[in-house]
Amino acid sequence: MTWSVRWKVAFGTLVAVACGLLIAGAMTVQSLEQRYLTQFGDALEAKVKLVEYGFQPLFLSSSLPTSSSLQETARNLGNRASARVTLVAADGAVLADSAVRDADLSAVESHTSRPEIQQALSTGQGRDIRPSHTTGERTMYRAILMQLSPDASPLVVRVGLPMFVLDREIADLQQRLFLALGIAFLVALTLSVWLAHSITKPLSDIALAARRFSSDKQIFHVRTTAQDEVGLLASTLNHMADQLRAKIDELSEDRAQLLAVLTSMVEGVMVLDSRGYVLQVNPALERMFGISRVEARGRPCAELFRHQQLNDLVTAILRSRTHHQDEIVLPLSGRCLQIEASPAGGERENEASVVLVFHDMTELRRLEKIRKDFVANVSHELRTPLTSIKGYVEALLDGAKDDPSASMKFLEIILKQSDRLNLIIEDLLELSKIESGGISLKEEPLELRSIIDRTLSIIKPIAGKNRHRLVATIDPSLPSMAGDEGRLVQVLTNLLDNAVKYTPAGGTITVDAKLAPLIESVEPPARAIELSVADTGIGIPEEDRPRVFERFYRVDKARSRELGGTGLGLAIVKHIVEGHGGQVWVEANHPQGSRFVVRLPLNTPRRLHHVSRD
Ligand code: ADP
C-alpha cells in the first residue's frame with residue numbers, strides 16, 4: 001500500500017504528537033504521584049512523632065502502663081491523627097493497636113518481620129507501603145523508635161494510613177490529565193490534518209498539472225497563492241514548463257519541416273549510425289525497396305537490404321568518412337539507383353553518421369537506352385534501303401543497265417527503296433515535329449463519326465484487296481468533341497493500316513466508338529470517348545505490348561519491313577493521342593488478334609507539353 005504525502009505528514013505528525021503527549025502525561029503522573037507520596041509521607045512522619053509524644057507520659061509515670069491504658073491511648077491518638085496507631089515492643093509483640101479490639105490484641109502476630117519495624121529498631125526510623133495484614137488495605141507506614149531511657153527496652157511507635165485517599169486523588173488526577181491529553185490529541189489531530197492538507201495541496205496541484213502536461217501536452221500552469229518554498233517550486237516549475245513548451249514547439253516545428261522535406265522528396269533517403277544501423281528512412285526509400293520504416297529502423301543496413309554493392313559502399317564510407325557515389329541495380333524490380341553517400345558527423349551509436357540519398361535513375365537510363373537504340377535504329381533503318389539502292393546502282397553501272405529487263409527490275413527496286421527511305425524520313429520528321437511542339441494541334445469541334453467515315457473510306461480499298469471485313473459500331477449518342485481532325489484521322493489510319501497489315505486475308509477489323517465509363521475519382525468527374533480498333537490478326541505477345549509504341553520497336557522486324565512498315569506508326573499515334581490529353585494502349589482481342597484503345601477526354605485541358613518522349 002502506498003500512502004500519499006498528505007497521509008504520511010498527517011500520520012507522522014499525529015504519531016509524534018501522541019508519543020509526546022503520552023510521555024509527558026506519564027512523566028507528569030509519575031512526578032505528581034511522587035510528590036503526593038512525599039507529602040503524604042511527610043504528614044505521616046509528623047503524625048508518628050506526635051503519637052510518640054502522646055505515648056511518652058504513660059511511660060514516664062512510676063508504674064508501668066497497663067495494656068488497656070495503652071490501648072486506650074492508641075485509640076485516642078489514632079482518632080486524633082486519623083490514622084492507625086500501633087505500639088510494638090522490641091521483640092515484635094504488639095502492645096497496642098488502634099485498629100484492633102482489646103480482646104483480639106493478644107492474638108495479633110509478632111511484628112518483628114515488618115520492614116518498617118525492623119528499620120526503626122535498627123536506624124530509629126522505618127517506612128513501608130504495603131497491604132496491611134490486619135486491615136487488608138494498601139497502607140503507608142511510618143515507624144519511630146521510642147527510647148525512653150538508655151537502659152529501658154525500646155519501643156516502636158508506628159502510624160499507618162490507608163492509601164485509598166491518596167490513590168483516589170491520584171486516579172482522579174490521572175483521569176483529568178488523560179482527558180486533557182485526549183483533548184490535546186484531538187486538537188493535534190485536527191491541526192495535523194489541516195497542516196498536511198495545506199502543505200500537500202499545492203504539491204498535489206503541481207503533480208496533477210505535471211501529469212496533465214506529460215499525458216496530453218496541455219499547457220502546464222500551477223496556480224498557487226503560497227509564498228513559501230512550495231510557491232517558489234510552483235513558479236519555478238511554471239517557468240520551466242514555459243521554456244519546455246517553447247523548446248518542444250520549436251523542435252516539433254523543425255521536425256515537421258524536416259519530415260515534410262523527407263516525405264515530399266522523390267529521392268530515397270536513409271540515415272545510418274556509426275555501426276551501419278538504420279536510424280531513418282523516408283517514404284520514397286520505403287517504396288524503392290518495398291520495406292516499411294518500422295521494420296527498417298534499428299536494423300543493420302547489411303541485414304535489411306542484403307545487397308553486396310550497397311554493403312560495400314556503406315562499409316567504405318563508414319571506414320573512410322568521405323563522400324562516395326555508386327550506382328546499383330535492384331535484383332527484383334530491376335530499378336537502377338544512383339547513391340550519394342555523405343558522412344554526417346555522428347560518431348556514436350544512434351547518432352546520424354551517414355546519409356545516403358538514392359536517385360531513381362531507371363527512367364533516365366531507360367530514356368538513354370531509347371535514345372541510343374533510336375540512333376542505332378535510325379541508322380540501321382536508313383542504311384538498309386540506302387545499301388540496297390547503292391547495290392543496285394552499282395549493279396547497273398557494272399553493266400546491268402545494258403540488260404533492259406534487269407535494269408527495269410533494278411530501277412523499280414531502287415524506286416521502292418527510295419520511297420521507303422522517304423517514308424521513314426517523313427515519319428521521323430513528323431514525329432520530331434510533334435515531339436518538339438513544332439506542330440500545334442487544332443482545337444476544332446468535331447464529330448468522331450465523320451473521322452471514322454473519312455478513315456474507313458481511305459482504308460477500304462486496301463482492306464478490300466485482302467478480303468477483310470470492316471465493321472464500325474458508333475454510339476449514336478456520342479457528343480461532339482474538340483480536337484485536331486486531321487491528326488485524329490492520322491491516328492485512326494495508322495491503327496487501321498496496322499490492323500490490315502497484321503491480319504491475314506479474310507479477317508475482321510472492328511472500329512468501335514463509345515462513351516467511356518465516368519471516372520468519379522477526379523473532380524469534376526472525367527468524361528471520355530473510347531475509340532478502339534480490334535482485329536482478328538496475329539496479335540501481339542503480352543511482353544511486347546507496352547513497347548510497341550516505342551520508335552522502331554517491332555515484334556517481327558522482317559515481317560514489318562516486308563509489309564512496308566517503318567516502325568514509327570504507333571509512336572506517332574501515341575504522341576498525337578497524348579497531345580489531345582488522352583491515352584492509348586493495346587490489349588489482346590478475344591479470341592484472337594489485337595485491340596488498340598484510344599481514350600480521349602471530353603473535358604480535360606490539353607497536355608501537349610506532357611507528351612512522353614518514347
Ligand atoms: P510498323 O510500321 O512496323 O507497323 P508500328 O509502329 O505501326 O510500326 O507498329 C509497331 C509494331 O507493332 C509492328 O511492327 C508490329 O509488330 C506491331 N503491331 C502493330 N499493330 C499491330 C496489329 N494490329 N497486330 C499485330 N501487331 C501489330
Side-chain angles (χ1 to χ4, degrees), residues 370 373-374 376-378 380-382 384-385 416-417 419-435 452 455-456 458-459 462-463 465-472 487-512 531-579 583-598 611-614:
I370 287 171
D373 287 355
F374 174 67
N377 283 334
V378 165
H380 181 75
E381 292 299 325
L382 293 178
T384 314
K416 196 177 160 203
Q417 292 300 332
D419 284 345
R420 178 166 169 71
L421 209 56
N422 200 30
L423 206 66
I424 293 174
I425 290 169
E426 263 177 23
D427 276 359
L428 272 176
L429 282 175
E430 182 82 356
L431 200 60
S432 119
K433 265 196 269 171
I434 299 172
E435 267 185 12
I452 295 169
T455 321
L456 285 179
I458 299 170
I459 231 69
I462 318 166
K465 249 198 260 169
N466 291 307
R467 288 177 288 111
H468 285 139
R469 203 160 71 89
L470 277 179
V471 185
R487 293 286 166 192
L488 290 176
V489 167
Q490 193 179 357
V491 165
L492 197 54
T493 312
N494 283 4
L495 293 178
L496 282 169
D497 189 43
N498 278 349
V500 169
K501 271 197 292 185
Y502 300 107
T503 304
T508 306
I509 297 164
T510 313
V511 179
D512 184 46
L531 176 67
S532 65
V533 174
D535 60 52
T536 53
I538 58 169
I540 303 172
E542 198 174 341
E543 66 274 14
D544 292 310
R545 278 180 215 145
R547 299 201 62 190
V548 290
F549 296 95
E550 289 173 17
R551 285 167 292 195
F552 296 119
Y553 189 86
R554 285 172 288 198
V555 178
D556 182 345
K557 279 195 172 47
R559 186 181 198 141
S560 161
R561 249 185 238 124
E562 197 182 300
L563 294 166
T566 60
L568 295 169
L570 287 182
I572 293 172
V573 165
K574 186 176 185 214
H575 280 90
I576 295 174
V577 172
E578 287 184 352
Q583 287 167 292
V584 58
W585 68 90
V586 61
E587 52 196 35
N589 187 34
H590 295 291
Q592 80 179 81
S594 315
R595 183 169 177 262
F596 283 83
V597 186
V598 173
V611 172
S612 65
R613 300 190 67 81
D614 48 51

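Whatever order the structure lists them in is the order used to number ligands and atoms, beginning at 1. All of these numbers come straight from a predicted model, not from anything done at the bench.
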V548 neighbourhood, listing ligand 1 atoms whose heavy-atom distance to it stays under 4.0 Å: 10 (C), 12 (O)
Those atoms of ligand 1 less than 4.0 Å from some heavy atom in N498: 4 (O), 5 (P), 7 (O), 9 (O), 19 (C), 20 (N), 23 (N)
E587 side chain to W585 side chain, donor-acceptor N/O pair below 3.5 angstrom: yes
Any R551 heavy atom less than 4.0 Å to ligand 1: no
Ligand-side contact atoms (ligand 1) for residue partner T566, heavy atom cut-off under 4.0 Å: 2 (O)
Numbered atoms and elements of ligand 1 in range of L570, under 4.0 angstrom, heavy atoms: 5 (P), 6 (O), 7 (O), 9 (O), 10 (C), 12 (O), 19 (C)
Nearest non-hydrogen partners of A472 and L456, listed with the distance: CB-CD1, 3.8 Å
Check: N589/S594 side-chain N/O donor and acceptor closer than 3.5 Å: no
Nearest-contact summary for atom 23 (N) of ligand 1 - protein heavy atom, Å: D535 OD2, 2.8 Å
Distance-only side-chain donor-acceptor flag, Y553 / N377, under 3.5 Å: no
Ligand-side contact atoms (ligand 1) for residue partner L568, heavy atom cut-off under 4.0 Å: 6 (O), 8 (O)
Part of K501 with heavy atoms under 4.0 Å of ligand 1, whether side chain, backbone, both or neither: side chain
Shortest protein contact, atom 14 (O) of ligand 1 (heavy atom only): R554 CG, 2.8 Å
I540 neighbourhood, listing ligand 1 atoms whose heavy-atom distance to it stays under 4.0 Å: 18 (N), 25 (C), 26 (N), 27 (C)
G539 near ligand 1 by a heavy-atom separation under 4.0 Å: yes
Heavy-atom nearest option to atom 10 (C) of ligand 1, drawn from Y553, F596, F552, Y502: Y553
Evaluation steps, side-chain contact (heavy atoms from CB on, under 4.5 Å), between V598 and V491: CA-CA 9 Å; V598 173; V491 165; 4.3 Å; yes
Atom 16 (O) of ligand 1 - nearest protein heavy atom and its distance: V555 N, 3.1 Å
Verdict with supporting geometry, I458 and V489, side-chain contact (heavy atoms from CB on, under 4.5 Å): CA-CA 10 Å; I458 299 170; V489 167; 4.2 Å; yes
